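In this text, all values refer to a predicted model and were calculated from it rather than measured experimentally. When a residue number appears, it is its place in the shown sequence, counting from 1.
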Amino acid sequence: AGYIETSSMKFGVYYDYKPIKNCSISIGPEYVFARETKFFDKNGDKFGSEDQEAAFGAFFNLRYKF
């Protein structure tokens with residue numbers, strides 16, 4: 001067993017829409033860069049890392065407050 005640690009930076013443009021009171025919807029494109037994954041053993045010692053390429057993606061969030 002062990003664990004991984006991921007890190008990245010994100011840039012996005014979002015649109016927030018409130019169709020009714022206490023409800024909001026957010027959508028938009030994102031660009032994720034400077035992505036890295038680090039691998040650690042069960043003692044917490046790092047034994048490897050991997051850089052991932054930048055990628056485009058999308059964001060969607062539906063929120064309802066009550």
*Asks:* Between Pro19 and Ser24, what is the shortest heavy-atom contact and its length?
*Replies:* CD-CA, 4.5 Å
*Asks:* Give, for atom OG of Ser26 and atom CZ of Phe59, the distance between the pair rounded to the nearest 0.5 Å.
*Replies:* 5.5 Å
*Asks:* Measure across Ile25 and Phe60 and return the closest heavy-atom pair with its distance rounded to 0.1 Å.
*Replies:* CG2-CE1, 3.8 Å
*Asks:* Indicate yes or no for a side-chain donor-acceptor contact from Asn43 to the backbone of Asp45 under 3.5 Å, with no hydrogens or angles considered.
*Replies:* no
*Asks:* Rounded to the nearest 0.5 Å, what separates atom CD1 in Ile27 from atom CG in Leu62?
*Replies:* 12.0 Å
*Asks:* Once the angle between the rings of Phe47 and Phe39 is folded into 0 to 90°, is it parallel (under 30°), tilted (30 to 60°) or perpendicular (over 60°)?
*Replies:* tilted
*Asks:* Closest approach of Cys23 and Tyr64, non-hydrogen atoms and distance?
*Replies:* CB-CD1, 3.8 Å
*Asks:* Between Arg35 (side chain only) and Gln52 (backbone N and O only), is there a donor and an acceptor less than 3.5 Å apart?
*Replies:* no
*Asks:* Side chains of Phe56 and Glu30, heavy atoms from C-beta outward: is any pair under 4.5 Å?
*Replies:* no
*Asks:* Which pair of non-hydrogen atoms, one from Pro29 and one from Tyr14, has the smallest distance, and what is that distance?
*Replies:* O-CE2, 4.4 Å
*Asks:* How long is the straight-line distance from OG of Ser7 back to CG of Asp51, given to the nearest 0.5 Å?
*Replies:* 8.5 Å
*Asks:* Would a line drawn from the ring center of Tyr31 to the ring center of Phe11 be shorter than 6.0 Å?
*Replies:* no
*Asks:* Taking the side chain as every heavy atom from C-beta outward, state whether Glu36 and Ser49 have any pair of such atoms under 4.5 Å apart.
*Replies:* yes
